[in-house]
*Asks:* 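I am attaching a structure below and will ask some questions about it afterwards.
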Amino acid sequence: MFLLGVSKVNQSIFLLSVVVSSLLVVSPGLAADAEIKQKPADKSPQIISNIPNLSDIQIPSTNAESLTQQSTINKISQDTQPPEAATTEPSSTDDAEDDVENDADITIEAIGEQDTLPQSTPTYVVDQEEIKKQGANSLADVLKRMPGFAINDAGHGADIHTGTYYRGASINQSVFLINGRQINTNINTYHGGTDLNSIPVEAIERVELYSGAASALYGSSAFGGVVNIITKEGYSQPKLSSSIEFGSLSQNNQQFSYGGALGSLKYNFSFERYFTDNRYRVPVGAANRDAEGFFFNADTATSTYFGNVAVDLDPRNSLSFDITKLSSRRGLIYFGFPLQRDRLDHDGLNAGLSWKTRLGNGENSTLTTTLGYNQDYFSTYGPTVFQGREFYRTGILDTQQFSARVDHEWKLSPNNQLRWGVDFKNTDLYGNTLSTSPNRIANNEVENRSIFTTALFAVNTVKFTENFQVDLGLRQSFDGQFGNYLNPSVGLRYAIAPTIAVRGSWAGGQRNPGLDQLYVYDTVHGWEPNADLKPETGSSWTAGIDISFSENLTGQFTYFGSSLDNRLGIIAGKWQNIGLVDTNGLEAALQLRLANNWSTFVNYTYTDAKIKTGSERGLQLGLIPYSVLQTGIGYQNSGWQANLYVTYNSGARRALFNRVGDSTTDFAPSFLNLDFSGRIPITRTLGLRVYLENLLGEQYERVNRIYSPGFTFRVGLSSDL
């Protein structure tokens, strides 16, 4: 049987080699790789029109920053300017444009380097300055204002138990990366999912969001998209950034980041501590409302530590290392009826070592080798009431994951770029469930499970003409639990005019059940595992248009869809494959500079995630709103800032843990919310920041009878030395 398995693997590797070879045939002259010369600074993706991507659109510099989706290239340019240049008004528009063009050739060779991605789907970028403007305390806060996202946060840290969705796909149907290294460990949502508070916000340089053919690079489970968190690197001169905030609901937050350089070595260290009791009055009928009328058991305390170092060994080799440590303690309020007293302890450790080297005689070939380690420890515990008596229960999931990745970017010719490589991942799961309740003792168990996965990937970008390019992707996976499977992807982009480009993509995918869903009893919810679960399989697609309406107004409009069979869910207290879900939607992103120092944006997403089989056939997937609108307007000048954000949410279906008498067809009401953020300069390096949230003071229902706290505020000091 071993020889048979090896034979199957060899056949699959041979198949992928043949297909990749066939992809290369479409471009002549590939054998001349070593002879191809390219300017050393030309590291950005191929641009095939005046508007290759919203994140790459170059707008003449002004003092106003875009509220969202700022060009990564422009941001790199600003970071590399001397301090005096950053505070000087441009002498003319022409000078500003020349600066952008010249500085765009500057690349970052350490952790913060921009990823090379297919251009057939949008790439949205939120940078560090915008994160500060928004007053984001977590990655969830950053994502909720990006197109396509619906985040049902019920207080800092609670997002892992209230649901995060991108284009109708759950948090575990998307891929989350830190510096290009995957950090999800396929623990299902109800046991904790991907903790969007696991990285200090102060350590984040920018957040990138992409989908389509790019999913072949990072995993077959990316039905939604790929979120890449790029962390800060060191500076040529030592720099200390810090902020201290206090506010409503006993909130206090301290963040510090220090970075610098010693010769060719760059370093950055960050720390964040956050606490809120999240205790406020809620209306009658609200989830987890205690006898005094307060929202109960929603407190959160987190401490996160981050550090990285990067060194240029020589002009052709660089080495980087980053590590993140998380410790969080919080209450769980997701299911809310009857009163929940369950607690969740989450400790995490993530570390990665990356070596980048340039191959060949030119700058057309880069090889990156990455080693990673990720540990997630989840412990949920609380009381169980059975026959009038109170018993105790606990559930532990401890996952350790080792990964290795070899990623080769190879510019085969001026019109052909290949990115290919191999992923290795070994996951060990320790599960321990214990209950003293007589009706659950039979489910007490200890599970030790392990799984090894290998994947070969390739994305070939071919530029047929100056205005037309195609992305062809393959990902061949070898899974120790579910065997071998191949997932193709394709994308195209055509600039029909200097200011208009159309694009489209299609990607096949497969997401395998987590080891906990297969083997570990969920003592908190009383859910049984199911070793006979099948993988979720299907495909996703997009079609869109990018338009530059004027020099100061750009937009992207995207139709997206997916068809996902064997979706995982709970039926009669046990994990099951619940059937087919078809999703269709529309995503729009507009960015406008009104005048000098002013900017505005509009993001809108419509998501129709329809259940096609089973008892809930024809219903919208629970917790996913049909419509989400985000818009904002901002002003800044000489250190002063004022930003107003508006959010509209059409309301989501109450699908889980409803009150007695509620129907699974009930929807939470729609709501409109206004937030304000501002900065008042005190000195050149010190500012007073103010965040006023929910200005209308309405206690709207966020999700499943969990209500917002009404008006809240935060006030703090931030400095950059």
*Asks:* What is the minimum heavy-atom distance between Met146 and Val207, and which atoms define it?
*Replies:*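 Nearest pair, atom of Met146 first, then Val207: CE-O, 4.4 Å.
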
*Asks:* Measure the CG-CG distance between Leu592 and Leu553 for me, rounded to the nearest 0.5 Å.
*Replies:*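 Rounded to the nearest 0.5 Å, the CG-CG separation comes out at 5.5 Å.
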
*Asks:* Roughly how far, to the nearest 0.5 Å, is the CG atom of Asn460 from the CZ atom of Arg419?
*Replies:*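 It comes to 13.0 Å.
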
*Asks:* Any luck finding a side-chain donor-acceptor pair between Asp423 and Tyr218 under 3.5 Å?
*Replies:* no

*Asks:* Answer yes if the side chains of Thr647 and Arg145 hold a donor-acceptor pair under 3.5 Å, and no otherwise.
*Replies:*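 Side chains of Thr647 and Arg145: no pair found under 3.5 Å.
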
*Asks:* Are Thr357 and Trp355 close enough that some pair of their side-chain heavy atoms sits under 4.5 Å apart?
*Replies:*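 The answer is yes; the side chains approach within 4.5 Å.
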
*Asks:* I need the single residue from Asn649, Thr605, Val703 that forms a side-chain contact (heavy atoms from CB on, under 4.5 Å) with Pro625. Which is it?
*Replies:* Asn649

*Asks:* To the closest 0.5 Å, what do you measure between CG (Leu590) and OH (Tyr604)?
*Replies:*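 Interatomic distance, Leu590 CG to Tyr604 OH, rounded to 0.5 Å: 13.0 Å.
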
*Asks:* For His408 versus Ser365, what's the shortest heavy-atom pair and its separation?
*Replies:*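 Where His408 meets Ser365 most closely, the heavy atoms are NE2-OG, 2.6 Å.
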
*Asks:* Provide the closest heavy-atom pair for Phe223 versus Ala169 in the form atom of the first, atom of the second, distance.
*Replies:*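 Heavy-atom minimum between the residues: C-CB, 4.4 Å.
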
*Asks:* Over all heavy atoms of both residues, which pair between Pro513 and Phe482 is shortest? Give the atoms and the distance, please.
*Replies:*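 Closest heavy-atom pair between Pro513 and Phe482: CD-CZ, 3.4 Å.
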
*Asks:* Applying salt bridge (Lys or Arg N to Asp or Glu O under 4.0 Å), can you list everything that pairs with Lys534, at least two apart in sequence or on another chain?
*Replies:*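 In terms of salt bridge (Lys or Arg N to Asp or Glu O under 4.0 Å), with neighbours along the sequence ignored, Lys534 is linked to no residue.
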
*Asks:* Would Arg167 and Ser540 count as having a side-chain donor-acceptor pair, cut-off 3.5 Å?
*Replies:* no

*Asks:* Please report the interatomic distance OH(Tyr494) to CD1(Ile496), rounded to the nearest 0.5 Å.
*Replies:*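 Atom-to-atom, Tyr494:OH and Ile496:CD1 are 7.5 Å apart.
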
*Asks:* Can you name the closest pair of heavy atoms from Ile624 and Thr607 and give their distance?
*Replies:* CG2-CG2, 4.0 Å

*Asks:* Measure the CZ-OG distance between Arg593 and Ser550 for me, rounded to the nearest 0.5 Å.
*Replies:*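 Interatomic distance, Arg593 CZ to Ser550 OG, rounded to 0.5 Å: 12.0 Å.
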
*Asks:* Just wondering, do Val628 and Tyr165 contact through their side chains at under 4.5 Å, heavy atoms?
*Replies:* no

*Asks:* Ignoring hydrogens, what is the shortest heavy-atom contact between Asn566 and Pro535? Give both atom names and the distance.
*Replies:* CB-O, 3.4 Å

*Asks:* In the structure I gave you, are the side-chain heavy atoms of Leu217 and Arg405 within less than 4.5 Å of one another anywhere?
*Replies:*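 Yes; the side chains approach each other to less than 4.5 Å.
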
*Asks:* When you compare the side chains of Gln510 and Thr537, does any donor N or O come within less than 3.5 Å of an acceptor on the partner?
*Replies:* no

*Asks:* Nearest 0.5 angstrom please: Asn512 CG to Ser220 OG, how far?
*Replies:* 6.5 Å

